[in-house]
Number of protein chains: 2
Amino acid sequence: MPHFKSQKDDRPYSPPKPLYEQVKSYVLKNMESGEWPAYFQLPSEHTLVREMGISRMTIHRALRELTQAGYLERIQGVGTFVAAPKKQPKTLELREIEDVISGHGGRHQCDVHFLQEEPIEKDAAALMAMTPGKGVYRSYFVHRDNGLPVMLEDRYVSPQFMPEYLEMEFTHMTADTHLSRKFALLSHSHVIQAAVSNAEINHFLELEATTACIVINRKSWLGEDVVSAARLVFPGNRIQLT
Amino acid sequence: MPHFKSQKDDRPYSPPKPLYEQVKSYVLKNMESGEWPAYFQLPSEHTLVREMGISRMTIHRALRELTQAGYLERIQGVGTFVAAPKKQPKTLELREIEDVISGHGGRHQCDVHFLQEEPIEKDAAALMAMTPGKGVYRSYFVHRDNGLPVMLEDRYVSPQFMPEYLEMEFTHMTADTHLSRKFALLSHSHVIQAAVSNAEINHFLELEATTACIVINRKSWLGEDVVSAARLVFPGNRIQLT
DNA sequence: GAGTGGTCTAGACCACATT
DNA sequence: ATGTGGTCTAGACCACTCT
């Protein structure tokens with residue numbers, strides 16, 4: 001039987017992990033090793049108190065936090081169980097272009113090619129859930145990493161939600177950041193495709209030849225309403241998403 | 001001054017919220033109303049104990065949970081503060097290929113082109129954190145949607161963690177699903193690139209001409225160890241990630 | 001009734017930061 | 001020295017489930 005409290009005594013210079021963290025590690029270790037498989041009923045709090053010599057509140061905190069994190073399931077009056085193998089969603093975090101660039105020490109710069117109000121075309125109207133022909137704000141940016149173009153941003157913005165869009169400053173803050181600042185509860189949906197560059201993309205991204213590009217279509221929602229829709233084009237040979 | 005404990009007495013039939021939940025609501029209400037703006041320093045635990053007539057452990061639990069949820073920031077020896085407006089990460093959920101296909105009513109099918117042990121080459125060894133030349137399991141699958149190839153899966157698997165890999169069945173369950181079933185605590189990291197198809201990819205995906213493809217490099221981790229690394233190639237004109 | 005988890009308390013000691 | 005948050009205890013009462 002291991003000594004759970006030993007760290008307090010014998011290693012005064014290694015920062016001792018809190019007891020509740022030790023309990024969490026102990027449980028996770030048993031889960032990793034396969035000792036406690038899915039649906040396994042853990043020893044009761046009272047049993048752990050006895051076996052580990054730790055007070056119930058501390059045991060309870062450890063188990064509660066593991067439950068909040070999704071590792072365990074607890075049923076009052078019944079017991080504590082290893083959670084069913086969660087079909088865990090594999091998520092990819094899309095970082096802001098500025099963060100990607102500054103993350104490897106690059107200098108971010110944004111060219112505004114145009115920024116205007118225009119009547120919205122049919123395709124974009126469907127995207128924005130607007131009626132075709134109504135006025136929409138449209139912007140065309142090229143983002144550069146130490147001068148090299150790494151992203152083309154073709155964006156529609158709803159005048160209703162962001163009437164000040166045409167007057168904003170984009171050289172030091174991206175449109176995405178502006179939107180997130182204004183609307184704390186903004187949510188996003190994405191569609192990712194691959195495509196080869198056409199003449200327009202080659203021109204704006206200063207590509208010499210046809211190149212494979214990642215295209216991210218991002219919609220930004222405020223509840224049921226679309227605030228903005230953007231097409232982000234990354235030349236595949238100059239950048240990778242991680 | 002409101003009576004925080006009153007629910008216990010006067011409303012025996014409405015389930016009284018736990019005290020720590022009441023404290024959390026109290027704090028959130030002050031944040032929402034603008035009374036406690038970003039960076040505002042909250043009353044100390046001791047002050048809240050006095051003002052609310054609730055024990056410190058309970059106050060502490062409420063503030064700790066709000067901190068874990070990102071609403072507050074706590075600095076030992078200094079105080080508790082309303083967190084800065086968080087710039088929320090934009091995440092993309094990568095669904096399993098089977099789910100994508102069955103999601104639009106397609107029939108998923110998986111061809112095993114090979115499944116063998118081989119000495120690991122230098123590049124792959126770095127990927128898997130193995131020593132070059134050691135044995136590794138390698139598989140080459142083509143996933144089809146109603147017969148049409150939609151993904152090439154080139155995968156390395158660590159024999160140490162999954163010695164049974166060569167004997168498994170992949171026509172009705174993907175390697176990813178097998179891995180997730182076996183290891184509940186598997187985590188993943190991804191790198192996404194765009195590339196044009198080469199002769200090999202054209203052959204396996206039955207492409208007529210050079211095509212832009214999305215390439216997802218997925219590493220599956222068990223703590224610090226790499227259990228598997230896969231290169232997933234999607235022809236950009238046949239599928240889109242969402 | 002016995003066993004489980006959920007909450008709460010009053011006090012304690014500690015690590016850390018500021019004055 | 002004072003005030004802050006971080007942890008831990010020993011015990012209590014409760015709600016719930018199962019037998």
Side-chain angles (χ1 to χ4, degrees), chain A residues 3-9 11-27 36 39-83, chain B residues 3-9 11-27 36 39-83:
Chain A
H3 294 291
F4 294 98
K5 289 185 164 181
S6 62
Q7 287 200 23
K8 272 197 172 167
D9 310 322
R11 288 247 171 236
Y13 286 101
S14 76
K17 270 211 302 188
L19 282 179
Y20 73 91
E21 287 291 352
Q22 294 181 41
V23 176
K24 286 168 73 172
S25 300
Y26 171 73
V27 172
W36 294 354
Y39 309 109
F40 177 82
Q41 176 164 9
L42 272 65
S44 71
E45 293 191 351
H46 179 249
T47 306
L48 289 172
V49 165
R50 255 191 298 105
E51 289 185 354
M52 304 183 78
I54 294 176
S55 85
R56 191 179 156 222
M57 275 302 280
T58 303
I59 297 283
H60 181 78
R61 173 173 175 181
L63 298 182
R64 172 158 40 82
E65 292 190 355
L66 289 175
T67 303
Q68 285 168 344
Y71 294 110
L72 302 177
E73 281 199 13
R74 317 198 74 188
I75 308 174
Q76 193 174 106
V78 181
T80 303
F81 304 85
V82 175
Chain B
H3 294 292
F4 293 99
K5 286 185 167 181
S6 62
Q7 288 201 23
K8 270 198 174 168
D9 310 323
R11 288 246 172 236
Y13 286 102
S14 76
K17 270 210 302 188
L19 283 178
Y20 73 90
E21 286 291 353
Q22 293 181 42
V23 177
K24 286 168 75 172
S25 301
Y26 171 73
V27 172
W36 294 354
Y39 309 110
F40 176 83
Q41 176 166 9
L42 271 65
S44 73
E45 293 190 352
H46 180 249
T47 306
L48 289 171
V49 165
R50 255 192 297 107
E51 289 184 354
M52 305 182 76
I54 294 175
S55 84
R56 191 182 155 219
M57 275 302 280
T58 303
I59 298 282
H60 181 77
R61 173 172 175 183
L63 298 182
R64 171 159 41 81
E65 292 190 356
L66 288 176
T67 303
Q68 285 168 344
Y71 293 109
L72 302 177
E73 282 200 9
R74 318 198 74 189
I75 307 173
Q76 194 174 111
V78 181
T80 303
F81 305 85
V82 175

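No experiment lies behind these values; they were computed from the predicted model shown. Throughout, protein chains are lettered first and strands after them, A, B, ... in sequence-line order, and every chain is numbered starting at 1.
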On a heavy-atom basis, the closest approach of B:W36 and B:Y26 is CH2-CE2, 4.0 Å
In short, A:P43 meets A:L48 closest at the heavy-atom pair O-CD1, 3.9 Å
For B:Q41 and B:G79, the nearest pair of non-hydrogen atoms, with its separation, is NE2-CA, 3.8 Å
A:R74 CZ to D:dA15 P, in whole Å, measures 18 Å
Exercise for the section: Please examine the side chains of B:K24 and B:Y20, heavy atoms only from C-beta on, and report whether any two atoms are closer than 4.5 Å. Expected result: yes
Sorted by number, residues from residues 58-68 of chain A placing a heavy atom under 4.0 Å from DNA chain C are A:H60
### Message
Is any side-chain heavy atom of A:R64 closer than 4.5 Å to one of A:T67?
### Response
no
note: A:E21, atom CD; D:dT7, atom P; distance rounded to Å ~ 8 Å
For A:L19 and A:I54 the tightest heavy-atom approach is CD2-CD1, 4.0 Å
Reading nucleotides 10-19 of chain C from 5' to 3' and marking B where a protein heavy atom lies under 4.0 Å of the base, S where only the sugar-phosphate is that close, and - otherwise, the string is BBB--BBS--
Whole-Å distance, A:L42 CG to C:dG5 P, equals 9 Å
Per atom distances to the A:S44 side chain, the nearest of D:dT4, C:dG5, C:dC8 is C:dG5
Between NZ of B:K24 and C1' of C:dG6 the distance, given in whole Å, is 14 Å
A:L48 CG to C:dG3 C1', in whole Å, measures 14 Å
From CG of A:L72 across to P of C:dG6 the rounded distance in Å is 11 Å
Heavy-atom side-chain proximity of A:L42 to A:L63 below 4.5 angstrom
yes
* To do: Give a yes or no on whether B:E73 atom CD has more than 12 heavy-atom contacts from other residues, nucleotides or ligands under 6.0 Å away.
  => no
Rounded to whole Å, the CD-P distance (A:E45 to C:dG3) equals 15 Å
Minimum side-chain heavy-atom gap A:Q22-A:M52 below 4.5 Å
no
### Message
Looking at C:dT7, I'd like to know if its phosphate oxygens (OP1 or OP2) sit under 4.0 Å from a side-chain N or O belonging to B:Y20.
### Response
yes
